[in-house]
Amino acid sequence: MKLFRIRGGVHVEHRKELSSEQAIVTLPLPAWLYIPLQQHIGAPAEPVVVEGDVVLKGQLLAKAGSAVSAPLHAPTSGRIAQIGDWMAPHPSGLTQRTIILESDGRDQWCEPLLPIDDPFAADAKTIAARAAECGLVGMGGAAFPTAVKLDLGTRIKLDTLVINGAECEPYLTCDDRLMRERTDEVLDGVRIMAHALGVERIVVAIETNKPQALAIMTQAVAAGGWSKITVTGIPARYPMGSERHLVHVLTGRETPARKLTADIGVVVHNVATARAVHHAVRHGRPLVARVMTVSGQAVRRPQNIEVPLGTLVAELIDHCGGLTEPPARLLSGGPMMGQPLPGRKVPVIKGTSGILALSAVELHGGPVQPCIKCGTCVSVCPCGLVPLEMASYIRKDRLDAAAKIGVQDCVGCGSCAYACPAHIPLVHYFNYAKGRLSAQEREQRKRDRIKRLAVARADRMEKIAKAKREAMAARKAAAKKPEAVAGSAQA
Amino acid sequence: MKAVVDLGGPFAHAPTSVRWIMIQVLGALAPAVLFDLWLFGFPAINLFLVTIASALISEALCLTIAGKPLQPAITDGSAVLTGCLLAMSIPPWAPWWIGAIGALIGIGIGKHVFGGLGQNLFNPAMVARVALLISFPVPMTLFVAPKPLGSVDAPGFLDSLAITFGWHFNLDALSAATPLGYVKTELSRGVPVVDAVNHGASALDLAIGTVAGSMGETSAVLLLAGGLFLIWRRIIPWHIPVAMLGMLLGLATLFHIVDPGRFADGSFHLLAGATMLGAFFIATDLVTSPVTRPGQLVYGAGCGALVWIIRSFAGYPEGVAFAVLLMNALTPLIDRWIRPRIYGRTRRGDPLTPKPKT
Amino acid sequence: MLTAVGSLTVLGITLGTLLGIAAKYLAVQGDALEAELEGLLPGSNCGQCGFAGCKAAAAALAAGNAQVTLCPPGGRAVAATLAAKMGHAFDAGGTAEAEPLVAFVHEGRCIGCSRCIQKCSSDGIVGAPKQIHTVLSDACHGCGKCVSECPTEGIEMMPIPVTLATWHWHKPAPQAIDTRAKAEA
């Protein structure tokens, strides 16, 4: 099919050979699982169990906190040891409310939900409700509640579903292996999602550095005779997996700033999310485990593992043979947009697509030097921004000037920092600026709110005082009247 | 546990660095430099070494005064590159103090006064050259015909020391005009340009470089090869050289057709003087050229036009240094006005309106 | 020569007169500036600036009797906007951003006297007589008046805790960092 070009992007060393030929293995059941209440975009989930409860695998542990939220289910059977604070898999090192589950070793499933017998006869609301019930979120890393993205077809006119099999981040191979080994599950989920969204066209996009996945998926689609699905290879250029850019490459349509791809008729879902939809709809199973890649030169045996949610990173690494050396960086996700982890005793969550232990050699780091205005960042930015100018403004605390030239439009892909010869941490500057600008907006909103409250209170006090004065005046007038009557009676 | 916030952002990086870029640029210059050092012999070698050494010493001095650490700035190659380009812009048999003062001006005033690496507005080598040209016009316009190493009348090593370091060496007997200088002088005497060009060096001589001039004004072919190497390595964009050479060629050819007696033809302009050096190594200086591709085209075209104008109408025979400096002054303006379009927005910055779906 | 002197003199006198007329009839009313400055201030009348409320602070600013950095709850952002309105340059680096504080009621010490509620100018404390009180941190602008009111010293000013939702990356250190990270301890 015809592909369009996007500007910018970098050819990264994809380093997928470390784990791309490792078939998916299942992690042996850990003894302890730590399930954070916030594993998705939106309000945190609210617990429905208490300490001491005995639960079965797949049982509801926490319900969705709001319309944009997702429930949590027990990854295995066992006892709720505690609901308290545990370190979050987040660079801040902060803790968050976590359900700590002690496994009983039996891994016993609870009663699954009734499978939807014929999903292609069900309506979008049913399928979306099932996705919501099973706690499905976007598994590409963003963890946006899938249910919200599945019934978009009832609200907006959609014509294309894009399945994101790009996996453009280096090292990560979990989606690749899923497409090769669980092809039928993935394609079934794809078709169910397409039916829910009411789209006519489905495109499965796979980067050309995954030739086996391309071949297997194309074969499977042909064998199934599903003419609506097109499997296409896309250039292995980072950041092909970015939603807006992927849609542009496949359809030529540019998503307007601050809008969703759905607003131009396209919805994008990850390959692993499609598989999760299949399990939720066909088998009634909630999301309790996911496949992730553990890789990096500091890991002895890089692998793709199916991991129960809530497993500690330390256990995962031990299963992979442990570390060969102290890692220079421990990351959740890929090296480009992944977050550094504050330690190994943090749990994996629904959005964790990989755990990387990178050695110093792989980082190609260097001392930070002054910007030489080479313009490489400008030519690789897929969003048409001028990173060197924005970074220079931010360095001088001129965040408004940086916002004016578009720092809020930065998707944080990291192409600029990857290519910068002076090793300037450009994305770090932009994340700081975005964070500060959000904080300033929050503070401004708070100031406005307080001003309204103060004005309202002042008015109220004024009214009360006025009422008092009037009441006092009325009482005085009433007190005078009998006197006048008495006076006149006397006279 | 403590936060890991020392560094956010991507944890993968392209295998590149500022030093590696400088090394590749020096590598691209090397063939031309070596050829020219052979062409002009020991005095040129002495001057070259003195200029580069002065550049490094000036850099160290400026860094110390500024209170900045010497590493990694002193070994990132930028001072060496500035010294090299400066050495190629001055007469090869000039006395040593021309190179030394030039390096001090270039590194000190052209670079560090503005804030160091990446902050300068003007090309440091060109600042130095122009300052020298205006301050010391005689030594800066005394060129010699090539005297290759090992040829009969080439000075030996000891003689070359006298030339470079001696106080009163009289070069008048050996001086020769550069091709551009010759044409301009002849024009002022009333000789049509066409005749002067034909009378002077042949195109082949100009291309290979066996003509009088500073080292950068010779060996057009080797400089072109070096420039193409840099473009292939994606260190310099093709937009600047192509725009500059294209504009120069276009203007020269156009006016040559209109009045051949007054204006030299395109190939002469391309091959003579510091055109090749300017197009591939000087105008493309990363710090002082615009960062966007369309901006680079405008900048290159401006350089080319100014080179032609200065050569044809102004008092100096060679205009590359002035042209580059003038366009350097416009670079911030070009960067301000010519920006890429932000993805998802119109050129004015408003979000795109989604097209109505058919 | 006389023409030159004469024409310049006439020009000078004419323009000077025009400027004088403009200064009188086109002058910016002090009130307008004051009202605008008051609009930029938080408006919660906390009194931390030392003036009797935001209106008085705006009047002092307009008269030149106060610095743009007079408002602690407003922080650097408000100081910058005030400076912009008044046409001054503002050096953000010179001021230290005071950490915003909110009041916190220690419930063990609260006796339900409601004196703090009466003092709070933004209705930030919830409570009733003989009931335990608590502070709505979203409505608290950190003036601290409730702290001095409480007879049992049951209110304390605390920094606003950072949560996962409000945390953001700090500004990168200047060029002293090396992206070749050290091995994890």
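Chain naming here is simple, since letters A, B, ... match the order of the sequence lines and numbering starts at 1 in each.
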Original post:
For C:Lys171, does the NZ atom sit with more than 12 other heavy atoms under 6.0 Å from it, leaving out its own atoms?
Top reply: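 Atom NZ in C:Lys171 is crowded, with more than 12 foreign heavy atoms closer than 6.0 Å.
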
Subject >> C:Lys55 atom NZ, neighbour heavy-atom count above 12 within 6.0 Å >> reply: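 Not buried by this count: 12 neighbours or fewer within 6.0 Å.
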
Side-chain heavy atoms of [X] within contact of [Y], under 4.5 Å:
{"X": "C:Leu101", "Y": "C:Ile160", "answer": "no"}
{"X": "A:Leu330", "Y": "A:Ile317", "answer": "yes"}
{"X": "C:His133", "Y": "C:Ser114", "answer": "yes"}

Subject >> Best-contacting candidate, C:Asp123, C:Thr163, C:Leu41, against chain A by heavy atom pairs under 4.5 angstrom >> reply: C:Asp123

Which bit of [X] comes within less than 4.5 Å of chain C, counting heavy atoms only: side chain, backbone, both or neither?
{"X": "A:Glu362", "answer": "neither"}
{"X": "A:Arg457", "answer": "both"}
{"X": "A:Arg452", "answer": "neither"}
{"X": "A:Leu358", "answer": "neither"}

Check whether [X] gets within reach of chain A through its side chain, its backbone, both or neither, counting any heavy atom under 4.5 Å.
{"X": "C:Leu136", "answer": "neither"}
{"X": "C:Cys140", "answer": "backbone"}
{"X": "C:Ser137", "answer": "backbone"}

Subject >> chain C interface, residue from A:Gln38, A:Lys434, A:Arg460 that has the most non-hydrogen pairs under 4.5 Å >> reply: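 Maximum pair count with chain C is reached by A:Arg460.
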
Subject >> Residue pairs, two or more places apart or on separate chains, that pass side chain to side chain donor-acceptor pair (under 3.5 Å) and touch residues 10-23 of chain C >> reply: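 Listed once each, the pairs would be none.
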
**OP:** Verify, without hydrogens or angle tests, whether A:Thr376 (side chain) and A:Ala419 (backbone) share a donor-acceptor contact under 3.5 angstrom.
**Re:** no

